Chemist: 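Have a look at the structure that comes next, please.
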Amino acid sequence: MQRYLFPKWSNRVLPAVFFLGIGPGLTTAILGVTYYFTNKHVEVGYQPAQPVEFSHKLHAGDLGMDCRYCHNTVERAHMAAVPPTATCMNCHAKVRADSPRLQMVRDSYANDTAIPWVRVHNVPDYAYFDHSAHLAAGVGCSTCHGRVDQMPRVTQVQPLSMGWCLDCHRDPAPVLRKQADLTNMAWQPPTNVPPNPEPTQLDTGRKLAPPKHCSGCHR
């Protein structure tokens, strides 16, 4: 009679371990990663510390500075430029000129070096995004960036994912506003706006055609 190293009942151990232990555990892990490792859960809430404690709440909120004073390319270029230190010094050459919290700003201006700001909103390199096109259509700052005027430290509030962008491209009417309200952070979308397959620019009535095909953003 042939003898085996393992008893016959051990043949049932491996399937039992897989189906009762490894299988459900692996499935749960995959589902968890699929659901939670998304822009909504990984990137929304991103709030990096900056080299200088710049408060948008103070500047854009309490002082009422227009976004375009600092981000002055946003209406004519694909990117919203980070202001040069000279823009900061337009005020801070006189305002809090000796504050130790602004020493890096003064050094940057004196030495003609850039402040190493940490980028908060980052669209992948394989996706093309044009700020000027969106503002021209009537999409305001707070639609994507939230109430920046209430943020002592800027926080990402939208996922900026492909699905999130496409939802807006398919029905942009609820977020469109007049040009005078582009930087109005208190603007609220109108309620009960019906889906509009042919949205228009509110000031001119120009028909808008946000792309829904791949090459619109992946060029």
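All figures in this text were calculated on a predicted structure; none of them were measured in a lab.
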Chemist: Which heavy-atom pair separates P199 from P172 by the least distance, and what is that distance?
Modeler: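 It is CG-CG, 3.5 Å.
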Chemist: State which residues pass side-chain hydrogen bond (donor to acceptor under 3.5 Å, both in side chains) with R147; sequence neighbours excluded, sorted by chain then number.
Modeler: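 R147 satisfies side-chain hydrogen bond (donor to acceptor under 3.5 Å, both in side chains) with D149 only.
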Chemist: Pairing donors with acceptors under 3.5 angstrom, does anything connect the side chains of T85 and R106?
Modeler: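 No, because no side-chain N or O of T85 sits under 3.5 Å from a partner of the opposite role on R106.
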Chemist: Taking NZ in K178 as the centre, count heavy atoms belonging to other residues, nucleotides or ligands within less than 6.0 Å. Is the count above 12?
Modeler: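 No, NZ of K178 has 12 or fewer neighbouring heavy atoms, counting only those of other groups under 6.0 Å.
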Chemist: Sort and list the pairs that fulfil ring pair (Phe, Tyr, Trp, His ring centres under 6.0 Å) and have at least one residue in residues 168-216, not counting sequence neighbours.
Modeler: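 Output for this query is empty, none listed.
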Chemist: Testing Q150, R177, Q188 one by one against S142 for a side chain to side chain donor-acceptor pair (under 3.5 Å), which residue passes?
Modeler: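 It is R177, the one option of Q150, R177, Q188 that forms the side chain to side chain donor-acceptor pair (under 3.5 Å) with S142.
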Chemist: Does anything in residues 42-77 pair up under ring pair (Phe, Tyr, Trp, His ring centres under 6.0 Å), and if so which pairs, sequence neighbours excluded?
Modeler: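 For residues 42-77, and leaving out neighbouring residues, the ring pair (Phe, Tyr, Trp, His ring centres under 6.0 Å) pairs sorted by first residue read F54-H56, F54-H59.
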Chemist: As a quick check of understanding, evaluate side-chain contact (heavy atoms from CB on, under 4.5 Å) for M185 and C67, giving each step before the final call.
Modeler: CA-CA 10 Å; M185 292 290 168; C67 306; 3.6 Å; yes
Chemist: Sub-3.5 Å donor-acceptor pair from the side chain of S55 to the main-chain atoms of L58, do we have one?
Modeler: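 Yes.
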Chemist: In Å and rounded to the nearest 0.5 Å, what is the CZ to SG distance from R170 to C168?
Modeler: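 Separation between the atoms: 11.0 Å.
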Chemist: Please name all residues satisfying side-chain contact (heavy atoms from CB on, under 4.5 Å) with N72, sequence neighbours left out, ordered by chain then number.
Modeler: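 Scan of N72 (side-chain contact (heavy atoms from CB on, under 4.5 Å), adjacent residues dropped) gives A81.
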Chemist: Only pairs at least two apart or in different chains count here, so list each ring pair (Phe, Tyr, Trp, His ring centres under 6.0 Å) that has a residue in residues 91-124.
Modeler: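 Matches after skipping sequence neighbours: H121-H145.
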Chemist: Does D62 have any salt bridge (charged side-chain N to carboxylate O under 4.0 Å, His left out) partners at least two apart in sequence or in another chain, and if so, which?
Modeler: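 Applying salt bridge (charged side-chain N to carboxylate O under 4.0 Å, His left out) to D62 gives K57.
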Chemist: Using a 6.0 Å cut-off, check whether atom CG of D112 has over 12 heavy atoms from anything other than its own residue.
Modeler: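 It does not: D112 CG has 12 such atoms or fewer within range.
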Chemist: Suppose we screen for side-chain hydrogen bond (donor to acceptor under 3.5 Å, both in side chains). Which residues come up paired with E75, at least two apart in sequence or across chains?
Modeler: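 Listed in chain order: R68.
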Chemist: Between Q50 (side chain only) and V118 (backbone N and O only), is there a donor and an acceptor less than 3.5 Å apart?
Modeler: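 Yes, because the side chain of Q50 sits within donor-acceptor range (under 3.5 Å) of the backbone of V118.
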Chemist: Can you list, pair by pair, the side-chain donor-acceptor contacts under 3.5 Å of residues 128-138, counting residues two or more places apart and other chains?
Modeler:
from, atom 1, to, atom 2, distance (Å)
Y128, OH, D130, OD2, 3.3
D130, OD1, S132, N, 2.8
D130, OD1, S132, OG, 2.5
D130, OD1, A133, N, 3.2
H131, ND1, H78, O, 2.9
H134, ND1, D130, O, 2.8

Chemist: Any salt bridge (Lys or Arg N to Asp or Glu O under 4.0 Å) pairs touching residues 151-160, not counting sequence neighbours?
Modeler: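 Not a single pair qualifies under salt bridge (Lys or Arg N to Asp or Glu O under 4.0 Å).
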Chemist: Enter the distance from L176:CG to L202:CG here, rounded to the nearest 0.5 Å.
Modeler: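 Here the interatomic distance stands at 5.5 Å.
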Chemist: Is there a donor-acceptor contact under 3.5 Å from the side chain of N184 to the main chain of A186?
Modeler: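 Confirmed, N184 side chain pairs with A186 backbone.
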Chemist: Strictly distance-based, threshold 3.5 Å: is any side-chain N or O of T200 a donor or acceptor partner for the main-chain N or O of K207?
Modeler: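 Not confirmed, T200 side chain does not pair with K207 backbone.
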Chemist: Using a side-chain heavy atom cutoff under 4.5 Å and only I, L, V, M, F, W and Y, what cluster partners does W164 have?
Modeler: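 In the cluster with W164 are L160.
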Chemist: With sequence neighbours left out, what residues match A173 under side-chain contact (heavy atoms from CB on, under 4.5 Å)?
Modeler: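 Once residues adjacent in sequence are excluded, the partners of A173 under the side-chain contact (heavy atoms from CB on, under 4.5 Å) criterion are D171, V193, N196.
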Chemist: Does one hydrophobic cluster hold both L182 and V157, with members joined at side-chain heavy-atom distances below 4.5 Å?
Modeler: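 No; tracing contacts between hydrophobic side chains, which count when under 4.5 Å, never links both residues.
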Chemist: Would you say that V44 contacts P159 through its side chain, given a criterion of any heavy-atom pair below 4.5 Å between the two side chains?
Modeler: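 The answer is yes, as the side chains (C-beta and beyond) meet within the 4.5 Å cut-off.
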Chemist: Can you list every pair that meets salt bridge (Lys or Arg N to Asp or Glu O under 4.0 Å) and has a residue in residues 86-101, with sequence neighbours left out?
Modeler: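 Residue pairs passing salt bridge (Lys or Arg N to Asp or Glu O under 4.0 Å), neighbours aside: E53-R101.
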Chemist: Between SG of C91 and CG of L63, what distance do you get to the nearest 0.5 Å?
Modeler: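 Interatomic distance, C91 SG to L63 CG, rounded to 0.5 Å: 8.5 Å.
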Chemist: Using the rule that two of Ile, Leu, Val, Met, Phe, Trp, Tyr join whenever any of their side-chain heavy atoms come within less than 4.5 Å, decide whether M65 and V154 are in one cluster.
Modeler: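 They do not share one cluster, since no chain of ILVMFWY contacts under 4.5 Å joins M65 to V154.
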Chemist: Are V120 and M79 in one and the same hydrophobic cluster, where Ile, Leu, Val, Met, Phe, Trp and Tyr link if side-chain heavy atoms are under 4.5 Å apart?
Modeler: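 No, because V120 and M79 fall into different hydrophobic clusters, even though each may have its own neighbours under 4.5 Å.
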